[in-house]
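Okay, so here's the structure we're looking at.
Residue numbering restarts at 1 for every chain, and letters A, B, ... go by the order of the sequence lines.
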2 protein chains.
Amino acid sequence: MNVRRTTIKDVAEAAGVGVATVSRVLSGGSASPETRERVLNAATQLDYRPSALGRNLRQRRSGGIGLLVPDITDSFYGRLADGVLACARSAGEPVVLGTTGDDAEREAEQIGMLLEQGVERVVAVPAGNAEIWEPTLRTGLTMVFAHRPVTARDDVPAVLADDRAGVRTAVDYLTGLGHRRIAYLGGPGQGQRVAAFRQSVGALLDEELIVFARGSRDSAYAAAAGLFQHRPDLTAVLAGGNQLGEAAVLAARELDLRVPKDLSLVMFDDVPWAELCSPPLTVIAQPAQDIGYRAAELVLRAGARRPRGVLLPTELIVRGSCGPRRTP
Amino acid sequence: MNVRRTTIKDVAEAAGVGVATVSRVLSGGSASPETRERVLNAATQLDYRPSALGRNLRQRRSGGIGLLVPDITDSFYGRLADGVLACARSAGEPVVLGTTGDDAEREAEQIGMLLEQGVERVVAVPAGNAEIWEPTLRTGLTMVFAHRPVTARDDVPAVLADDRAGVRTAVDYLTGLGHRRIAYLGGPGQGQRVAAFRQSVGALLDEELIVFARGSRDSAYAAAAGLFQHRPDLTAVLAGGNQLGEAAVLAARELDLRVPKDLSLVMFDDVPWAELCSPPLTVIAQPAQDIGYRAAELVLRAGARRPRGVLLPTELIVRGSCGPRRTP
DNA sequence: AATCATGATGGAATCGTTTCCATGAACGTG
DNA sequence: CACGTTCATGGAAACGATTCCATCATGATT
C-alpha cells in the first residue's frame, strides 16, 4: 500500500547517470544521444512521472493557470471556462477554478488563494474596479481579463466581445422597427455596454429605462418586473445577459405582456434554449468559448505579450422576439 | 520588482524563535501563549502567507481537490461544479477542474495530470467503467464518484440522484396518461437509468425504443430525430438529460410533432429554461448542486469515511409537455 | 533531595525537482 | 604540441514548508 513513487533519483540510478542529467534530458536540455536514450528507456521502464510538487517548489511557481468567473452555473461562463480548459489542456497545464459571485471581496480572497498555491497566471472576469486590482497586479502575476475590462488598466490585456458594436446593432435594429422607448436591463460590471447603449439610443435616452440587477436570478427577475411595472410605456428591452433575458421573459409573461406584440426583446448571449423559447429569442451572440480560449492563450504566452487586448465580433441573430412598435 | 516573498524563516527571525515553532503555532500545534502571540504578531506584521508549494512537497500531496466532469458547458455539470466549489471554498481548498468529454481515455489523461500535480482527492463523474478505473484506484487516491456509479466498485463512495425512483415516477406518470409506447433517449453512462427504465415499463418494453446518443448536441439531435422518424408510433419520450431534452424538442418541432398533443416529453434535469420552453417542460429535477457539495464533503472527510454512498431524491415537476395518449 | 513526567523549543533532516558550478574529455586551431 | 573552447556530466545547493528528535526547564511525585 505504501508504495513510494519512483523519483528522478531512481531513474538516474537505473540509467547509471546523475540526477542532473535525467532532469536535463527530460526537459529538453543538452545530452548525448546515447545518454538520452538510456535515460528515456529507464524512465519508461520505471513508469516515471515527474512530480510537479518538487518542480513547483524549485521554480517557486505552480504551473497551472487560475480561472476566476462570477458564476460557473451561467451558460456564458460555462462556455468561457470550456475555452480556457481547451487551451490549457493542449498546453498540458492544469486549471484552478474559482467563482467570485461578482463580489470584489470574494474575488480578492480567491486571488489570495491562487497566490498561496503559487499560481502565477490568471484569467479573470473582473468583478472589482481599478483600485481593487491595484494591489494584486503589483504582486507580479500574469493577468488577462476576459469578457470585461478593468477601466484604466490598459496595461493588462483583455479579451472582449465587441459589446459596443453589439449594442449598437441591437439598438439600430429596434429603432428600425419603430421603437422609441428602449430599456436596458443590465447586470454587474456592464459599464461598457451601458455607455454604448447611451450613445446608441442618442436622443431617445431615458435614464429611467436603464436598470441594474445584481448577480442572482431573483434580483434579475425583480429588476425586470419592476421595470415593466414602473414604465408600461416601454416597448423594447435589451437584456444584458442570458439570466437577465430569462428574467425578462418570465416577468413579461407574468405581467401578461406578449412578446413580441407588446414588448420586443433582444438578449445578450446566444444560448441553446433561445431557440426553444416561445417566441424564439433574438439575441446578440458572443463567442464565449473563443474568449476563454484566447484569454488562456494570452496568459500562457507571457513573454513578448504585446497585444493590449483582443476584440471579438458579436452577431445579431434575429429570431422571433422583436416586432414593430405596438401602436397604442 | 524582484521582491522575495516572506518565508517562515523571516517570521521566525522577526519573532526571535525557531522555524519549527512558527510552523507549530501556525498549524495549531502546542506553544506557550506568549510565544504564540509573538509569532502571530510577527506574521501579521510581515504579512506572511505560507507557501503551499513548500508544504505540498513536504507532505507529498497538494491540498486541492480535483473535479472531473464530462462537459462544463452542460448546465447540470455547471451546477454540480458549483456545489463542489462551494464546499471546497468553505474548507479553504482550491479546485482543479478538468473535462473528460465522457471519454475514458481523456479521463485517464486528466487523472494522470492530477496525480502529477499531487492532487490526491478527486470528485469525478466517471466516464469509463470498472476496469478502466482499476489502475487509478490502486494509486491510493481518495475518490468519490458523483452522478454515476462505477459498477462493481462499491468500495468507492458515490453520490447519486435517485435515478431509479425518478425513472419509475416518470414512467408511471406517462403510463397513467395512457401511454404504451414510451421511448428512452439516453446519453453515455446511463446504465442505471436504462435498467430502471426497463424494469419500470415492464411488459411494455420495446428495445427498439431505447436509443443512445454520444455526448454532443449533434449526436443528441440525430438520435432524437432518428427515433421519431423510425418509430412514428411512439407517443412518449423520456429524455435522459437536458441536452437530450433540448434535442427532443427541436427534433419534434422539425418533424411537426406537437408537444404534448402528438408526443409527451419528460426530461431529466430541471433547467431554468424548461419553464420558458413552449410548452413548459415536465421534468425530473435532480439536486445537481447538492450532489457536488456532498461529494466534495465526502472526499474531504477522508478519514473515517464509511458511507458507501449517498442517494439524493429526485422530484417530478409537472409542467405542460405531457398529455393523454393521442388517440389514433 | 533525587527522579520522573511533561511541555516548550530549536536544529536539522526531509520532500523531488531544477540549476549552478566544477570537472574532465574531446576537439580544433595557432 | 600546447592551449583555448565547447560540450556532456554529476555533485551539491537551493526552494519553503513540516516534522523528527534531542535538549532543557519546570513542576510533581516518591
Review point. When we call it a touch if two heavy atoms are under 4.0 Å apart, what does T35(B) touch: a base, just sugar-phosphate, or nothing?
Key: sugar-phosphate
Exercise for review: Verify whether one side chain among R106(B) and T99(B) offers a donor that lies under 3.5 Å from an acceptor in the other.
Suggested key: yes
Practice item. Nearest-nucleotide wise, let me know which of R60(B) and S30(B) is further upstream toward the 5' end of DNA chain C. Key: S30(B)
Review point. Quick one: are R214(A) and D102(A) in side-chain contact, heavy atoms under 4.5 Å?
Key: no
Practice item. Using a heavy-atom cut-off of under 4.0 Å over every strand shown, decide if A31(A) touches base, sugar-phosphate, or nothing. Key: sugar-phosphate
**Study point:** R60(B) and E120(B) ion-paired at < 4.0 Å
**Key:** no
Check your understanding: Crowded around E13(B) CD? As in, over 12 foreign heavy atoms under 6.0 Å?
Key -> no
Check your understanding: If you look at every strand shown and take non-hydrogen atoms under 4.0 Å, does S32(B) touch a base, only sugar-phosphate, or nothing?
Key -> sugar-phosphate
Review point. Just wondering, more than 12 heavy atoms not from E37(B) lying within 6.0 Å of its CD?
Key: no
Point to revise | Candidate nucleotides dC15(D), dT19(D), dG10(D), ranked by approach to the side chain of L57(A) - the nearest | key: dC15(D)
Review point. Would one find more than 12 heavy atoms of other residues, nucleotides or ligands at under 6.0 Å from atom CD of E105(A)?
Key: no
Check your understanding: Is it the case that more than 12 heavy atoms not belonging to E116(B) sit under 6.0 Å from its CD atom?
Key -> yes
Exercise for review: Could you state the atom-to-atom distance from CZ of R55(B) to C1' of dA17(D) in whole Å?
Suggested key: 8 Å
Review point. Across the strands shown, which category fits G54(A) at heavy-atom distances under 4.0 angstrom: base, sugar-phosphate, nothing?
Key: base
Review point. What's the CZ-P distance between R36(A) and dC7(D), to the nearest Å?
Key: 14 Å
Check your understanding: Within less than 4.0 Å of OP1 or OP2 of dA8(D), is there a side-chain N or O belonging to T21(A)?
Key -> no
Review point. Does the side chain of S51(B) get closer than 4.0 angstrom to OP1 or OP2 of dG16(D) through an N or O atom?
Key: no
Review point. Angle, rounded to 10°, between the helical axes spanning five pairs at each terminus of the helix from dA1(C)-dT30(D) to dG30(C)-dC1(D)?
Key: 50°
Check your understanding: Can you check whether E131(B) reaches N129(B) side chain to side chain, under 4.5 Å on heavy atoms?
Key -> yes
Review point. Hey, does P70(A) have a side-chain heavy atom less than 4.5 Å from the side chain of R148(A)?
Key: yes
Check your understanding: Roughly how far, to the nearest 0.5 Å, is the CZ atom of R55(A) from the CG atom of L53(B)?
Key -> 11.5 Å
**Study point:** V19(B) side-chain proximity, nearest of dA13(D), dG11(D), dT18(D)
**Key:** dT18(D)
**Study point:** Spacing of R49(B) atom CZ relative to dG16(D) atom C1', expressed in whole Å
**Key:** 15 Å
Practice item. May I have the distance from R61(A) (atom CZ) to dG16(D) (atom C1'), rounded to whole angstrom? Key: 17 Å
Check your understanding: On DNA chain D, nearest-nucleotide positions of E34(A) versus R24(B): which is more 5'?
Key -> E34(A)
**Study point:** Rounded distance (Å) that lies between atom C1' of dG16(D) and atom CG of L53(B)
**Key:** 8 Å
Study note, to complete from the structure: So the contacted stretch of DNA chain C, first to last nucleotide with an atom under 4.0 Å from a non-hydrogen atom of chain B, runs from dA8(C) to dG16(C)
Practice item. Indicate the ring-plane relationship of H147(A) and Y77(A), choosing parallel, tilted or perpendicular according to the 30° and 60° boundaries. Key: perpendicular
Review point. More than 12 heavy atoms of other residues, nucleotides or ligands under 6.0 Å from CZ of R121(A): is that the case?
Key: yes
**Study point:** Of residues 7-17 of chain A, the positions that come close to DNA chain D - non-hydrogen atoms, cut-off under 4.0 Å
**Key:** G16(A), V17(A)
